[in-house]
S.K.: 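One structure follows; several queries about it will come next.
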Amino acid sequence: MAARIILIVALLTLSSSRALASDPSPLQDFCVADFDSNVFVNGFPCKDPTNVTPDDFYISGLDKVANTDNDLGANITLVNVNRLPGLNTLGVAMSRIDYAPFGLNPPHSHPHSSEILHVAEGTLYAGFVRSNTEKGNILIARKLSTGDAFVFPQGLVHFQFNLGDTNAVAFAAFGSQSPGLITIANALFGSKPSIPDYILSRAVQLGKTTVDWLQQQEWVDIAREY
């Protein structure tokens with residue numbers, strides 16, 4: 001009986017720790033990503049600690065305005081483990097988002113992480129869409145001004161739009177070293193190979209001709225995650 005109770009407690013502990021953390025907790029001070037290793041793990045293997053340098057934990061350029069000259073009028077400077085190896089196993093990442101006047105960070109989701117967005121400059125309209133409910137997919141959105149913050153729950157589709165006729169800047173923080181990114185329009189109409197048009201036409205309730213046209217477009221990717 002005692003052994004059974006111990007087993008149940010252990011299982012509950014394991015399940016709760018996984019539920020509370022997006023990424024595994026580190027077992028040492030750090031585990032700088034070793035991009036040259038041939039070992040395949042969930043994340044990256046650790047670099048030899050004796051070869052770690054301050055540059056493994058450092059990145060610059062977040063004060064620079066990114067080029068927003070594209071169809072969306074926005075650009076994202078993503079700082080994840082692929083760009084900053086010291087983030088490996090630490091469960092955090094961030095990004096800078098630049099918006100041209102009336103620029104859009106289009107509907108997308110982060111499958112591995114929640115996000116908190118801080119508006120550093122400008123005025124945004126931002127929000128997310130809830131999972132399917134009896135009342136449909138409910139939009140949770142509002143206007144954000146300089147100094148405001150807004151949270152996007154993990155995995156939910158969300159967006160930001162610059163309401164102003166001047167540039168805007170925001171910074172986002174994530175609870176994962178690699179939050180993942182699925183841009184909805186790109187995923188549906190720009191996948192490779194393409195989703196068959198007879199499937200998409202029924203899913204989005206559009207004619208095949210329209211779907212075919214959408215699949216022929218060049219879908220802008222302002223935040224490719226490497």
Side-chain angles (χ1 to χ4, degrees), residues 18-19 21-24 33 40-44 66 68 70-84 87-88 91-99 103-118 124-133 136-141 144 150-162 170-206 210-226:
R18 292 194 176 194
S22 180
D23 289 348
F40 184 81
V41 296
N42 185 21
F44 293 96
T68 57
N70 55 59
D71 289 341
L72 295 174
N75 205 329
I76 297 176
T77 304
L78 180 62
V79 182
N80 63 3
V81 67
N82 297 292
R83 294 194 61 197
L84 188 57
L87 289 176
N88 194 40
V92 294
M94 68 170 295
S95 67
R96 170 184 171 132
I97 308 103
D98 287 286
Y99 312 83
L104 171 68
N105 186 8
H108 62 281
S109 69
H110 303 292
H112 310 149
S113 173
S114 297
E115 171 186 353
I116 183 167
L117 181 85
H118 168 250
L124 303 178
Y125 179 68
F128 62 87
V129 179
R130 291 184 56 187
S131 302
N132 297 8
T133 71
N137 296 92
I138 299 170
L139 173 65
I140 307 292
L144 303 176
F150 197 79
V151 174
F152 305 112
Q154 179 175 344
L156 297 187
V157 175
H158 58 283
F159 62 88
Q160 304 107 42
F161 177 74
N162 183 5
F171 290 88
F174 303 95
S176 171
Q177 67 183 36
S178 184
L181 175 66
I182 302 173
T183 307
I184 306 307
N186 301 39
L188 286 177
F189 301 110
S191 68
K192 301 186 185 309
S194 299
I195 300 174
D197 58 2
Y198 59 85
I199 291 177
L200 280 180
S201 62
R202 292 184 66 181
V204 299
Q205 299 178 27
L206 293 172
T210 303
V211 168
D212 291 340
W213 179 83
L214 288 169
Q215 290 182 317
Q216 292 169 8
Q217 305 309 303
E218 291 293 330
W219 293 95
V220 177
D221 189 353
I222 60 173
R224 182 181 295 110
E225 181 161 0
Y226 299 94

S.K.: Side chains of residues 192-199: which donor-acceptor partners sit under 3.5 Å, not counting sequence neighbours?
M.R.:
none

S.K.: Considering only heavy atoms from C-beta outward, does the side chain of Ile138 approach that of Ile140 to under 4.5 Å?
M.R.: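 Side-chain contact under 4.5 Å: yes.
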S.K.: If I take atom CG from residue Leu117 and atom CZ from residue Phe174, how far apart are they, to the nearest 0.5 angstrom?
M.R.: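 Separation between the atoms: 8.5 Å.
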S.K.: Between Phe152 and Phe150, does a ring-ring contact (aromatic ring centres under 6.0 Å, His included) hold up when you go through it step by step?
M.R.: CA-CA 7 Å; Phe152 305 112; Phe150 197 79; 5.4 Å; yes
S.K.: Can you tell me how far apart CE (Met94) and CG (Leu84) are? Round to the nearest 0.5 Å.
M.R.: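 The distance works out to 10.0 Å.
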S.K.: Provide the closest heavy-atom pair for Ala74 versus Leu104 in the form atom of the first, atom of the second, distance.
M.R.: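 Taking every non-hydrogen atom into account, CB-O, 3.4 Å.
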S.K.: Can you tell me how far the CG atom of Leu156 sits from the OG atom of Ser131, to the nearest 0.5 Å?
M.R.: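 So the CG of Leu156 and the OG of Ser131 are separated by 5.0 Å.
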S.K.: Return yes if a side-chain donor-acceptor contact under 3.5 Å exists between Tyr99 and Gln160, otherwise no.
M.R.: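 Yes, side-chain donor-acceptor contact under 3.5 Å.
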S.K.: Please test Leu72 against Asn105 for side chain to side chain contact (heavy atoms under 4.5 Å, CB included), starting from the C-alpha separation and ending with a verdict.
M.R.: CA-CA 7 Å; Leu72 295 174; Asn105 186 8; over 6 Å; no
S.K.: With a 4.5 Å cut-off on side-chain heavy atoms, are Phe128 and Pro153 touching?
M.R.: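 In contact.
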S.K.: Output all residues satisfying ring pair (Phe, Tyr, Trp, His ring centres under 6.0 Å) with Phe189, sequence neighbours left out; order by chain, then residue number.
M.R.: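 So Phe189 forms a ring pair (Phe, Tyr, Trp, His ring centres under 6.0 Å) with Trp219.
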S.K.: Can you find a pair of side-chain heavy atoms, one from Ile222 and one from Pro106, that are under 4.5 Å apart?
M.R.: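 Counting from C-beta outward, Ile222 and Pro106 do come under 4.5 Å.
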S.K.: Under 3.5 Å, is there a donor on one side chain and an acceptor on the other for Asn137 and Asn132?
M.R.: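 Checked: Asn137/Asn132 side chains pair up, N/O donor to acceptor below 3.5 Å.
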S.K.: In sequence, state the C-alpha distance, the side-chain angles, and the governing distance for Phe159 and Leu139, and then conclude on side chain to side chain contact (heavy atoms under 4.5 Å, CB included).
M.R.: CA-CA 11 Å; Phe159 62 88; Leu139 173 65; 3.8 Å; yes
S.K.: For the atom pair CG (Leu78) and CG (Leu181), what is the distance rounded to the nearest 0.5 Å?
M.R.: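 Answer rounded to 0.5 Å: 8.0 Å.
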S.K.: Can a donor-acceptor pair be found between the side chains of Glu115 and His158 at a distance below 3.5 Å?
M.R.: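 Side chains of Glu115 and His158: pair found under 3.5 Å.
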S.K.: Please report the closest heavy-atom contact between Asn70 and Gly73, naming both atoms and the distance.
M.R.: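 Scanning both residues completely, I find the closest heavy atoms to be OD1-N, 2.8 Å.
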